[in-house]
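Nothing here was measured: the structure is a model prediction, and the numbers come from that model.
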Amino acid sequence: ASPPAKFVIFSLTELPVDPNGNLVYNTSAAASVSNLSCSVTEGDASRMEEGSETGTSKTLVFAVNGCRFELSDVDPSTTLIELLRTRTPFKSVKLGCGEGGCGACVVLLSKYDEIVGKVEDFTISACLTLLCSLHGCSITTTEGLGNSKDRFHPIHERFAGFHASQCGFCTPGMCMSLYGALVNAGISKLTAFEAEEAIAGNLCRCTGY
């Protein structure tokens, strides 16, 4: 059997679960990520081809919300949030403290672990994550969970329905922190205490942190 795809596309509308309450990944669509209409390729094509022939390709390949990105000659100091805010339509990720302490830039990172043979998911601070460290990874922002066009995710609906947001600046990061906890714990296994712990690192600017 072939190993799971390295690029994982999550459901845009709801949390898919199996009969045991565990989250289920939509890996069937992940195999065709290279054919997505939102595929982006940047850099010198001839240089990219030359590198691939010698086995020393300098092309950085990763995915954001199911969109494949191929970049070459990336500045090693470039962070994930710089790319998201300036070169993609996924601008829900905010730059708050710039030190990984406020949680406004939290996103979900999915990476295939060849040792254990499965995809590992964890939340990261986009302001501290270097773009070059994301080769072969998949990034999910709050737009990847749901939006006004495709329907909001249940997490979004509950934040709005229970008035859990003030100005909204920090809300995307809070949603991703909770989603990361659900992915790892299972939708039916996350306790209220664990949910509170998951967003303990997300600070609200409106209330003076």
Can you tell me how far apart SG (Cys102) and CG (Asn202) are? Round to the nearest 0.5 Å. 8.0 Å
Rounded to the nearest 0.5 Å, what separates atom CG in Asp150 from atom CG in Leu145? 12.0 Å
Any ion pair linking Arg151 and Glu157 (charged N to carboxylate O, less than 4.0 Å)? yes
Using a 4.5 Å cut-off on heavy atoms from C-beta on, say whether the side chain of Ile155 contacts that of Met174. no
Is there a donor-acceptor pair closer than 3.5 Å between any side-chain N or O of Gln166 and the backbone N or O of Arg205? no
Can you measure from OG1 (Thr123) to CG (Leu178) and round to the nearest 0.5 angstrom? 10.5 Å
Search all heavy atoms of Gly180 against all heavy atoms of Leu108 and return the closest pair with its distance. CA-CD1, 3.8 Å
Specify the closest pair of heavy atoms between Val74 and Cys132, including all atoms of both residues, with the distance to one decimal. CG1-SG, 4.0 Å
Could you walk me through whether Val107 and Val64 pass side chain to side chain contact (heavy atoms under 4.5 Å, CB included), step by step? CA-CA 10 Å; Val107 297; Val64 180; over 6 Å; no
Hey, is the main chain of Cys105 close enough, under 3.5 Å, to the side chain of Lys94 for a donor-acceptor pair? no
Is there a side chain to side chain contact (heavy atoms under 4.5 Å, CB included) between Leu109 and Leu134? Walk through the geometry before answering. CA-CA 9 Å; Leu109 171 66; Leu134 300 177; 3.9 Å; yes
Heavy-atom nearest pair, His156 first then Thr142, reads NE2-OG1, 2.6 Å
Same hydrophobic cluster for Phe169 and Ile81, using side-chain heavy-atom links shorter than 4.5 Å among ILVMFWY? no
Any donor-acceptor pair under 3.5 Å from Arg68 side chain to Ala63 backbone: no
Nearest heavy-atom neighbours spanning Met176 and Thr140: CE-O, 3.2 Å
Apply salt bridge (Lys or Arg N to Asp or Glu O under 4.0 Å) to Glu82 and list each qualifying residue two or more places apart in sequence or on a separate chain. none
Report yes or no: do Ile139 and Phe122 belong to one cluster of Ile/Leu/Val/Met/Phe/Trp/Tyr joined by side chain heavy-atom distances under 4.5 Å? yes
Going through the checks in order, is the side chain to side chain contact (heavy atoms under 4.5 Å, CB included) test met by His135 and Val61? CA-CA 5 Å; His135 184 69; Val61 182; 3.9 Å; yes
Provide the closest heavy-atom pair for Cys127 versus Gly98 in the form atom of the first, atom of the second, distance. SG-C, 3.7 Å
Test log, rule side-chain hydrogen bond (donor to acceptor under 3.5 Å, both in side chains), inputs Thr59 and Glu70: CA-CA 6 Å; Thr59 305; Glu70 293 185 12; 5.8 Å; no
For Ala181, is there any backbone N or O sitting under 3.5 Å from a side-chain donor or acceptor partner on Glu194? no
Value for CG (Leu80) from OG1 (Thr88), rounded to nearest 0.5 Å, stands at 8.5 Å
Could you check whether any side-chain heavy atom of Thr79 comes within less than 4.5 Å of a side-chain heavy atom of Leu130, counting everything from C-beta outward? yes
Taking atom SG of Cys175 and atom CD1 of Ile199, what is their separation to the nearest 0.5 Å? 9.5 Å
Roughly how far, to the nearest 0.5 Å, is the CG atom of Asn65 from the CZ atom of Phe90? 4.5 Å
Taking side chain to side chain donor-acceptor pair (under 3.5 Å) as the cut-off, I'd like each qualifying pair that reaches into residues 125-134, sequence neighbours left out, listed once. none
Which heavy atom in Thr171 sits nearest to a heavy atom in Ser165, and how many Å separate them? OG1-OG, 2.6 Å
Determine whether Phe69 and Leu131 satisfy the following criterion, side chain to side chain contact (heavy atoms under 4.5 Å, CB included), listing intermediate values before the conclusion. CA-CA 11 Å; Phe69 284 79; Leu131 198 58; over 6 Å; no
